[in-house]
Each structure stands twice: as C-alpha cells, then as structure tokens.
Amino acid sequence: MTTDFKSIPIIDISALLAKCDDPKMAEDPGVSEVVRQLDQACREAGFFYVKGHGIPDSLLKEVKSVSHKFFDLPYEEKIKIKMTAEAGFRGYQRVGENITKGIPDMHEAIDCYREVKEGMYGSLGKTMEGYNQWPCNPQNFKELMDVYIRLCTDLSRKIMRGISLALTGSPEEFEGGRAGDAFWVMRIIGYPGVPTADGPGPTNDIGCGAHTDYGLLTLVNQDDDITALQVRNLSGEWISAPPISGTFVCNIGDMLKIYSNGLYDSTLHRVINKSPRYRVCVAYFYETNFDTAVEPLETCIQRSGRAKKFERAVYGEHLVSKVLTNFG
Ligand SMILES: N=C(N)NCCCC[C@H](N)C(=O)O
Ligand SMILES: O=C(O)CCC(=O)C(=O)O
Ligand SMILES: [Fe+2]
C-alpha cells in the first residue's frame with residue numbers, strides 16, 4: 001500500500017548486517033529497530049535509501065565510472081556486444097531500443113542476467129538462456145562487475161532477512177524454495193543529457209517511463225549530483241529520489257508485492273534527466289528463484305484483511321513476458 005509520502009526515508013542497516021546470520025537476530029534490539037524502519041518504509045513508500053550497507057563507496061563510484069567510460073565509446077565499439085534474442089537478451093541496447101508502455105525510452109544500457117544454461121528450466125527458461133556479453137573496453141569491466149554482483153547479491157539477501165522478519169517474524173521466508181537460489185538482473189544504464197545548442201540530445205525527455213520492477217528488491221547505484229529518479233505517491237505526485245552519496249536507493253518489486261499480499265507495493269517510478277550532463281545508473285535486481293511460483297504468504301493474508309489479493313505468478317514467466325514486450 002502506498003501513501004502520500006513526500007520524501008524517501010534513509011535507513012542505516014548496519015545493526016541488521018552485524019547480526020544477520022545469528023540465529024538469535026530477532027531478539028537483538030538493534031535489528032528490531034532496523035526491521036521497524038524497513039517495515040514502515042516498505043508500507044509507506046516501497047522505496048528507501050540504505051546506508052551502513054558495507055559496500056565500499058570507492059567500489060560504488062568505480063562501477064559508475066567504468067560505465068561512463070563504456071557509454072563514452074563510439075557506437076561501433078558498443079555494438080560489438082549487441083543485445084540479441086540468441087544471447088538471451090543480454091548485451092548492449094542503443095537509446096530508444098527499450099520500450100515502456102509503447103514509448104521508446106531515452107536510455108542506452110547493458111543488460112545482464114544470471115546465467116541460464118540450456119534446458120535448465122525447460123521451456124520456461126528458453127528465452128533467457130545465454131551468457132552475459134562483457135565489453136573488452138574498459139579493460140577491467142567484467143572483473144569489477146563480477147565483484148559488484150556478488151556483493152549486491154549478498155547485501156540483498158541480508159536486507160531480505162530483515163524484510164522477512166518484518167512481514168512474518170521469521171528471517172528465513174525468502175530462502176530455500178522461494179529465493180535460496182535467487183535469480184538476478186543487472187542493468188547498466190546511461191541517460192543522455194538534455195540537448196544543448198551545440199550538441200545532440202534525446203528526442204523526448206523520458207529516460208525511462210513509469211514502471212514497476214519485477215522481482216523482490218532493487219538496489220540502485222545512481223550518479224551523484226543529478227536528480228532524475230522519481231517515485232509516484234498515492235495522490236499521483238512524483239517525488240524525487242535525489243542521489244545521496246554512498247547510499248543505494250532500494251525498492252520493492254512485483255514478487256514482493258504478491259508475497260506480502262499488498263502490504264508492500266511495487267511502487268511506480270520513472271527517470272527524467274533534465275540535466276545537460278550524461279547520467280549513469282547501475283541497477284541490481286534481486287529476484288526469487290527463477291522457477292518459483294509466488295503467492296501471498298499466509299501470515300501476510302492474515303495481517304491484511306484475510307482475503308488473498310493476488311493470484312500465484314511464476315517469476316520466470318513474469319520476467320519473460322516483460323523482456324519480450326520491452327524489446328518488441
Ligand atoms: N528488470 C527490470 N526491473 N527492469 C526495469 C526496466 C523498466 C523499463 C521496461 N521497459 C519496463 O517497461 O518494464
Ligand atoms: O535510473 C534509475 O535511477 C532507475 C532505473 C530503473 O528504475 C530501472 O532500471 O528499473
Ligand atoms: Fe525500475
């Protein structure tokens with residue numbers, strides 16, 4: 001459920017991380033306070049900033065810096081890792097190639113997904129079968145992103161333990177068959193600045209149209225100094241999520257909306273880069289297991305009026321239907 005929030009809260013999760021794999025974490029007052037703040041943010045906005053997350057600021061910055069360097073390359077160089085259906089929709093897409101609600105988005109991106117081996121999920125996984133395509137230039141790109149993905153996966157698992165405590169009283173609901181073998185998506189995104197008198201720019205101003213994310217939890221690492229991400233509140237106002245150096249912007253995806261039976265919403269958001277400067281964002285998406293059938297958790301049904309509000313959805317089917325409409 002979204003509310004008329006006017007800003008997005010900042011949560012220091014260090015107390016949660018310190019006790020995250022302790023069997024008695026639920027009894028720790030520091031953990032309980034983080035869980036309370038997570039619960040409130042998820043109920044009111046579906047968006048929050050995290051600090052105290054343990055990923056070095058230098059790494060957050062380097063990930064954005066190599067992304068800028070890649071997007072600065074000439075088109076002929078970037079297209080060497082062109083996204084294709086054969087590569088399981090992994091690779092580089094030019095500005096305007098990604099479609100949101102029928103309108104081309106003014107961003108370019110490299111899309112990466114956890115590897116899906118041939119036959120791994122039968123017909124369900126076919127569309128997503130493939131290997132990531134990494135650029136040779138910048139030279140350390142793949143190594144850096146591999147490290148980054150590992151850290152984001154681990155961090156997301158820990159935040160989900162906090163969210164699990166908030167929703168059910170147990171830290172383990174998003175492990176095992178639900179998200180114990182979590183799928184992940186990463187989008188390295190570049191948004192051209194607005195046109196200037198002496199240079200080219202985008203043809204419309206929507207960097208990414210209004211959408212929700214598909215899985216459990218998103219970690220957004222955005223450029224400092226450019227405010228472009230906007231989040232829609234209950235009245236339909238667009239609330240900015242300005243960059244706060246060293247933090248991630250986190251938000252709830254469609255699968256967590258279903259698990260929580262709507263106690264948490266996957267909030268609509270969009271990106272408009274009104275700055276003359278080029279903006280980079282590296283978004284990491286933590287998902288359920290690829291083949292998990294997601295349905296409202298019994299405790300969440302009980303806590304939200306006793307009626308089941310959503311039908312079961314298989315995450316992989318949801319992803320595939322999105323990917324196929326994103327690229328026509
Ligand atoms: N994997 C995720 N969540 N990607 C978000 C992309 C949002 C734009 C996309 N065209 C859409 O309409 O969904
Ligand atoms: O660029 C951003 O800040 C967010 C991008 C986003 O919402 C997405 O890729 O799903
Ligand atoms: Fe998004």
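This structure is a prediction, so every number in the text was calculated from the model and none was measured. Indexing begins at 1, ligand by ligand and atom by atom, following the structure's order.
Considering backbone and side-chain N/O atoms, Asn326 comes within less than 3.5 Å of an N/O atom of ligand 1. Residue Gln222 places no N or O, backbone or side chain, under 3.5 Å from any N or O of ligand 2.
Using cut-offs of 30° and 60° on the angle between ring planes, the pair Tyr214 and His318 is perpendicular.
Those atoms of ligand 1 with a heavy atom of Asn98 less than 4.0 angstrom away are 9 (C), 10 (N). Heavy-atom proximity to Arg187, at under 4.0 Å, picks out these atoms of ligand 2: 9 (O). The distance from ligand 2 to the heavy atoms of Phe285 drops below 4.0 Å at these ligand atoms: 8 (C), 9 (O), 10 (O).
Contacts between Thr212 and ligand 1 below 4.0 angstrom, taking non-hydrogen atoms only, are absent altogether. In Asp213, the part holding a heavy atom less than 4.0 Å from any atom of ligand 2 is the side chain. When heavy-atom distances to ligand 1 are checked against a 4.0 Å cut-off, Arg187 comes that close only through its side chain, counted from C-beta outward. For Cys208, every heavy-atom contact with ligand 1 shorter than 4.0 Å involves the side chain, none the backbone. Residue contacts with ligand 1 for Asp213 involve both N, CA, C or O and side-chain atoms from C-beta outward (heavy atoms, distance under 4.0 Å).
Around atom 4 (C) of ligand 2, the closest heavy atom drawn from Thr212, Val271, Val282 belongs to Val271.
Atom CG in Asp265 sits 9.5 Å away from atom CD1 in Ile252 (nearest 0.5 Å). For the atom pair CD1 of Ile55 and CG of Leu17, the computed distance is 9.5 Å after rounding to the nearest 0.5 Å.
Under a hydrophobic clustering in which Ile, Leu, Val, Met, Phe, Trp and Tyr are joined whenever their side-chain heavy atoms come within less than 4.5 Å, directly or via other members, Ile189 and Tyr75 fall into different clusters.
The closest protein non-hydrogen atom to atom 3 (O) of ligand 2 is Arg279 NH2, 2.8 Å. In terms of protein heavy-atom proximity, atom 5 (C) of ligand 1 is nearest to Tyr214 OH, 3.7 Å. Looking at atom 8 (C) of ligand 2, its nearest protein heavy atom turns out to be His211 NE2, 3.6 Å. Looking only at protein heavy atoms, the nearest one to atom 5 (C) of ligand 2 is Tyr191 OH, 3.5 Å. The protein non-hydrogen atom at the shortest distance from atom 9 (O) of ligand 2 is Ile189 CD1, 3.3 Å. For atom 8 (C) of ligand 1, the closest heavy atom belonging to the protein is Thr100 OG1, 3.3 Å.
Judged purely by distance below 3.5 Å, without hydrogens or angles, the side chains of Asp12 and Ser14 pair a donor atom with an acceptor atom. In summary, the side chains of Arg270 and Gln230 do present a donor paired with an acceptor at a separation below 3.5 Å, with no hydrogens or angles considered.
A salt bridge links Glu173 with Arg178: at least one charged nitrogen is closer than 4.0 Å to a carboxylate oxygen. Taking the charged nitrogens against the carboxylate oxygens, Lys158 and Asp154 do have a contact shorter than 4.0 Å, which makes a salt bridge.
Between Tyr286 and Phe183, a ring centre-to-centre spacing not shorter than 6.0 Å is recorded.
Within a 6.0 Å sphere centred on CD of Glu143, heavy atoms belonging to other residues, nucleotides or ligands number more than 12.
Note on the Fe ion (ligand 3): protein N/O/S atoms under 2.8 Å are His211 NE2, Asp213 OD1, His269 NE2.
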